[in-house]
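When reading the values below, keep in mind they use all heavy atoms of this one structure, side chains included, and skip hydrogens, waters and symmetry mates. All values reported here derive from a predicted model rather than from experimental measurement. The chains referred to below are lettered A, B, ... by the order of the sequence lines, with proteins before strands, and numbering in each begins at 1.
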Amino acid sequence: MDELDVLKQHWNKDNNFPKINREEIREMLHKSSSSIVKWIFAISCLEFSAGILLNYLSRKYWREGPNALWEDVVYVFYYVVLLIFIILFFKKYKNIKAEKNTKKLTEDIIATRKLVQQYIYVNFFVITVEFIQGMWDGWHNIADTTVRDGAPTWVEYSLFIGIMLVLAAILFSLIALFYYLLYIRLTKKLHKNYKELIQLDH
Amino acid sequence: MYSNLEAEFINQLEEHQNILHKICKLYTGDMNSHKDLFQEMTIQLWKSYPSFRGDSKFTTWAYRVALNTAISLYRNKKRNVPTVQWDNSLHNIRYEEYDTRQEEQLRSLYRAVQELNDIEKALVYMYLEDKDYAEISETLGISEVNARVKMNRIKTKLKNMLSTKGGA
């Protein structure tokens with residue numbers, strides 16, 4: 001008899017559990033879930049909102065003068081993409097059902113999260129475009145001889161590039177840390193279990 | 001006032017609550033986590049209950065949803081912490097009909113199972129519940145052959161764990 005069969009003998013007789021009564025069960029039904037899926041849903045909604053807010057603020061306050069045509073195209077493109085992401089997200093979210101098999105359920109949760117991750121990449125793209133645009137404007141401002149005496153020195157150019165790169169590094173490090181804390185830690189277990197299931201079938 | 005559906009669900013769950021307790025026993029190491037996981041399973045079962053059409057038995061449906069909750073939905077960073085509170089009232093193992101040697105062997109076995117990963121625990125749970133490999137493969141979404149191979153590996157792993165620790 002192997003070890004698990006020894007355990008099975010005890011397992012079948014084991015009824016040493018607290019009895020949860022009907023009222024306790026009823027109370028549980030009305031409590032809020034703290035599942036990974038619920039967290040992913042809440043974080044995703046925040047991400048969608050933050051993306052919309054950042055885009056709006058960027059256009060309203062950070063840009064000076066009228067927008068170029070390409071900027072309007074990026075703006076419209078951004079909201080079309082956002083709408084597609086939101087529709088796909090809700091479709092995928094509704095598709096997560098606990099009664100599916102474990103592999104499919106895990107796949108569905110990961111796919112839902114991956115979709116929002118792709119939305120984040122689109123946001124990164126938009127932020128990078130804005131950042132390059134900002135650098136371009138700044139570069140022209142320091143070279144503007146109508147507001148300063150003489151052409152800028154190489155020290156000023158180097159200092160400008162240095163400051164911009166440090167700012168970019170800080171910004172992206174903060175975003176990366178934010179995502180590590182929020183997302184990677186949240187789904188680490190899920191990915192580990194999924195990997196285990198995939199390895200089982202190969 | 002209960003709705004009919006709610007009353008029906010509560011009746012079923014009250015009757016078959018040991019399914020959930022047994023899964024909690026494998027996936028948690030202390031009473032708080034056990035209660036927490038039990039509650040999350042209950043919520044997930046209730047959320048899924050409208051789509052339960054009675055094609056399978058309530059118990060079959062319930063253990064699948066409960067296992068999925070433990071593996072994929074439940075979030076508790078403490079759940080894989082070794083069971084320092086093993087001897088608390090909830091997880092206390094009573095072996096009145098076992099002798100001291102068997103009792104120690106069972107304790108070692110439960111501890112070894114607790115150290116397995118989530119998927120391995122699911123396989124062990126279904127093995128202990130006498131589920132056949134067709135059902136195990138369907139529940140986890142893997143092939144029947146691979147479920148069988150994995151089960152044999154788990155048995156070997158447990159044997160090695162116990163012999164290393166000089167347990168069973």
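- The contact between A/S32 and chain B is made entirely by backbone atoms, counting heavy-atom distances below 4.5 Å.
- Both the backbone and the side chain of A/L7 come within less than 4.5 Å of a heavy atom of chain B.
- In terms of heavy-atom proximity, B/E40 sits nearest to A/S34 at OE1-N, 2.8 Å.
- Taking CG from B/L106 and CG from A/D14, the interatomic distance works out to 10.0 Å, rounded to the nearest 0.5 Å.
- In this structure, chain A has a heavy atom under 4.5 Å from the side chain of B/M151, while its backbone stays farther away.
- With a 4.5 Å cut-off on non-hydrogen atoms, A/L29 touches chain B through its backbone and its side chain both.
- Residue B/V149: no heavy atom, backbone or side chain, is found under 4.5 Å from chain A.
- The CD1 atom of B/I119 sits 6.5 Å away from atom OG1 of A/T102, with the distance rounded to the nearest 0.5 Å.
- Here the side chains of A/I25 and B/T42 are in contact, with some heavy-atom distance below 4.5 Å.
- No other option in B/D130, B/L140, B/I43 has as many heavy-atom pairs under 4.5 Å with chain A as B/L140.
- Inspection of non-hydrogen atoms places A/A98, A/E99, A/K100 of residues 81-100 of chain A under 4.5 Å from chain B.
- Of all residues spanning residues 106-113 of chain A, those with a heavy atom less than 4.5 Å away from chain B's heavy atoms are A/T106, A/I109, arranged by number.
- A/E3 pairs with exactly one of B/L109, B/V113, B/I154 by the side chain to side chain contact (heavy atoms under 4.5 Å, CB included) rule, that one being B/L109.
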Step-by-step side-chain hydrogen bond (donor to acceptor under 3.5 Å, both in side chains) determination, A/N15 to B/N18: CA-CA 7 Å; A/N15 287 308; B/N18 274 3; 2.9 Å; yes
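- A/E196 and B/N117 form a side-chain donor-acceptor contact under 3.5 Å, judged by distance and modelled atom types alone.
- In terms of modelled atom types and a separation under 3.5 Å, the side chain of A/N193 and the main chain of B/I71 share a donor-acceptor contact.
- With contacts defined as side-chain heavy-atom distances shorter than 4.5 Å, the pair A/L200/B/I142 qualifies.
- Chain A forms the most heavy-atom pairs under 4.5 Å with one residue out of B/R153, B/E129, B/R64, and that residue is B/E129.
- Take A/E27 and apply the side-chain contact (heavy atoms from CB on, under 4.5 Å) test, not counting sequence neighbours, and it matches A/E23.
- Between chain A and the residues B/W61, B/F52, B/W46, the most heavy-atom pairs under 4.5 angstrom are made by B/W46.
- The OG atom of B/S137 sits 11.0 Å away from the NZ atom of A/K103 when rounded to the nearest 0.5 Å.
- Residue contact with chain A, scored on non-hydrogen atoms closer than 4.5 Å, involves the backbone and the side chain of B/E14 alike.
- The shortest heavy-atom contact between A/W11 and B/K22 is O-NZ, 2.8 Å.
- Atom CE of B/M41 sits about 11.5 Å away from atom CE of A/M28, to the nearest 0.5 Å.
- Residue B/Q39 touches chain A through both its backbone and its side chain, counting heavy-atom pairs closer than 4.5 Å.
- Using cut-offs of 30° and 60° for the angle between ring planes, the A/F17 and B/H21 rings count as parallel.
- A cation-pi arrangement is present between A/K8 and B/Y127 under the rule of less than 6.0 angstrom and at most 45 degrees off the ring axis.
- Annotation: maximal heavy-atom pairing with chain B below 4.5 Å, among A/L190, A/L4, A/L186, occurs at A/L4.
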Would you list the atom pairs, donor with acceptor, under 3.5 Å between side chains in residues 159-168 of chain A and any protein atom, with sequence neighbours excluded?
none

